[in-house]
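Below: one structure, written as structure tokens.
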Amino acid sequence: MKINNIPRTSIWAIEAALGSVLSQDRAVGIIDQTLLPFAVEDRILRTVDDIAEAISAMRVRGAPLIGVTAAFGLAFAMRDDPSFENLTTKAALLAATRPTAVNLAWALNKVTNVLITAPANLRAELAWHTAKDVAADDVATNFAIGQHGLKIIEELHHKLQRPVNILTHCNAGWVATVDWGTALSPIYQAHDAGIPVHVWVEETRPRNQGLLTAWELREHGVPHTYIVDNAGGHFMQHGKVDMVIVGADRVSGTGDVANKIGTYQKALAARDNNIPFYAALPLSTIDWTLKDALADIEIEERNAAEIRMLRGVSTKGTAENFTILDAGSPVANPGFDVTPARLITGIITERGITGVAELHQWQN
Ligand code: MRU
């Protein structure tokens, strides 16, 4: 996608000129998402510790992107010490950075499985190329999600003969992936195909990922309106929402969807108003091992400072943090919730659209 009309991805591999195999020259670039949308600044990551810090501090975020970033982390670890012990230690370090999105473990397993049988002297090279493949696959996967999801929007447009109003929560756009996004990919592709859309962008406290969604949509010229989280149900009741699309961080084989905190309430409101509710995700977001999503998915408890503070531009024109609640009141800050399958109309993946009951068809 583009920033100021210049094509960008949210992460990119940096290699020395002339395709040097001197793996010390390798690094990855990211857009530091803690600064968005107030500033667009690139950051270069060169070590596994840089990668772990970037994921836990949410410089990179969004389930697919943290998986891709972690894969590069293992490549840096193998460059520095290709032993089996280092592989398992650093995979565990990276896996612990954020617990809820299963794409992180999925990507680490993918790289580990390639390395495990390889001789130590080949591991650095193999890990680097596998990480680059994981990144490239993410782009193709998200494009395919968009192609499938676009059909739902197109059908709604034919039926309604007016712009389709879509509500989304959090940011499941291109900066949450390598490119295209998951929930936003169908929206971008509908817009590009000339289908009129309008997006209700929920703020998504406490980290306000809605700011990223609004910024992305603005850069791409997609009509949208920014709303506070509490307003979604109201617009649904008044016929202003035709469908909901969200991303996902972990989905059970039976279709329960863990996504950003607040998603469950939107699904309840959508059901009450007979509005279709879709989750768009790569198959790597499905955790087939889950027996009971509500009990078994670890919900990340994030720092209280995220609730006590807001980030914005001060009257001086600089981006700053503002305290809105002091330590006098305790806070709780679960990062995600689980929407039960019964509230989900369909799951959009790179292989197509399915009802939750048929999701198991894609297990293999
Ligand atoms: O805490 P975040 O910003 O990493 O959470 C992101 C979300 O919940 C997204 O909706 C989800 O990862 C899907 S991203 C394509």
Side-chain angles (χ1 to χ4, degrees), residues 1-5 7-10 62 64 138-202 204 209-210 212-227 231-232 235-248 257 259 263 266-267 269-270 273-282 344-355:
M1 306 300 282
K2 292 180 181 167
I3 304 177
N4 288 332
N5 260 335
R8 297 290 307 262
T9 55
S10 62
D138 185 70
V139 180
T141 296
N142 299 327
F143 181 78
I145 289 171
Q147 289 280 294
H148 295 299
L150 157 70
K151 292 179 200 131
I152 303 170
I153 302 174
E154 200 169 26
E155 271 169 33
L156 268 174
H157 176 58
H158 278 139
K159 190 171 123 197
L160 300 169
Q161 291 298 312
R162 59 160 173 76
V164 180
N165 288 302
I166 304 168
L167 183 137
T168 192
H169 187 70
C170 194
N171 171 264
W174 72 267
V175 291
T177 63
V178 179
D179 207 354
W180 286 105
T182 54
L184 294 197
S185 184
I187 294 173
Y188 287 132
Q189 296 192 38
H191 173 80
D192 292 350
I195 301 163
V197 290
H198 164 264
V199 185
W200 295 107
V201 178
E202 291 203 320
T204 319
Q209 283 93 335
L212 306 184
T213 300
W215 169 74
E216 281 194 19
L217 293 172
R218 200 163 58 209
E219 291 287 332
H220 201 76
V222 180
H224 62 280
T225 307
Y226 191 77
I227 57 174
F235 287 114
M236 291 187 204
Q237 284 178 317
H238 287 269
K240 305 281 189 200
V241 179
D242 301 312
M243 69 183 293
V244 180
I245 316 182
V246 295
V257 172
N259 190 48
T263 303
K266 300 308 142 172
N273 291 283
N274 231 350
I275 293 166
F277 187 101
Y278 290 92
L281 47 118
I344 310 269
T345 309
I347 305 270
I348 308 167
T349 76
E350 64 270 35
R351 289 181 61 181
I353 304 161
T354 183

(request) Write out all pairs satisfying ring-ring contact (aromatic ring centres under 6.0 Å, His included) with one or both partners inside residues 148-172, taking only residues at least two apart or from two chains. (result) none

(request) Report the residues that fulfil ring pair (Phe, Tyr, Trp, His ring centres under 6.0 Å) with Trp215, sequence neighbours left out, ordered by chain and then residue number. (result) none

(request) State whether the side chain of Thr213 and the backbone N or O of Ala172 hold a donor-acceptor pair below 3.5 Å, judged by distance alone. (result) no

(request) Heavy atoms only: give me the nearest Asn273-Gln237 pair and the separation to one decimal. (result) OD1-CA, 3.4 Å

(request) Test Leu184 against His220 for side chain to side chain contact (heavy atoms under 4.5 Å, CB included), laying out the working first. (result) CA-CA 11 Å; Leu184 294 197; His220 201 76; over 6 Å; no

(message) Is it the case that the side chain of Trp200 and the backbone of Phe235 share a donor-acceptor pair, with hydrogens and angles ignored and the cut-off at 3.5 Å?
(response) no

(message) Main chain of Val178, side chain of Asp138: is a donor-acceptor contact present, judged purely on distance under 3.5 Å?
(response) yes

(message) To check you understand the geometry: which heavy-atom pair defines the closest contact between Thr9 and Trp174, and what is its length?
(response) C-CZ3, 3.7 Å

(message) Could you check whether any side-chain N or O of Thr345 sits under 3.5 Å from a backbone N or O of Tyr278, counting only pairs where one atom can act as donor and the other as acceptor?
(response) no

(request) Please report the C-alpha distance between Ile347 and Val257 in whole Å, then the side-chain angles of each, then the deciding distance to 0.1 Å, and finally whether the side chain to side chain contact (heavy atoms under 4.5 Å, CB included) criterion is met. (result) CA-CA 10 Å; Ile347 305 270; Val257 172; 4.1 Å; yes

(message) Could you report the tightest heavy-atom contact between His224 and Val201, atom names first, then the distance?
(response) CB-CG2, 4.0 Å

(request) Would you indicate whether the side-chain heavy atoms of His191 and Pro223 approach each other to under 4.5 Å? (result) yes

(request) Please name all residues satisfying salt bridge (Lys or Arg N to Asp or Glu O under 4.0 Å) with Glu216, sequence neighbours left out, ordered by chain then number. (result) none

(request) Mind listing the closest non-hydrogen atom pair of Tyr226 and Ala214 along with its distance? (result) CD1-CB, 4.1 Å

(request) Decide yes or no for Thr349 and Thr354: does some side-chain heavy atom of the first lie under 4.5 Å from some side-chain heavy atom of the second? (result) no

(request) Locate the shortest heavy-atom distance separating Leu150 from Pro186; write the atom from each residue and the value. (result) N-CB, 3.7 Å

(request) Return the minimal non-hydrogen interatomic distance between Val246 and Thr168, and the atom names on each side. (result) CA-OG1, 4.3 Å

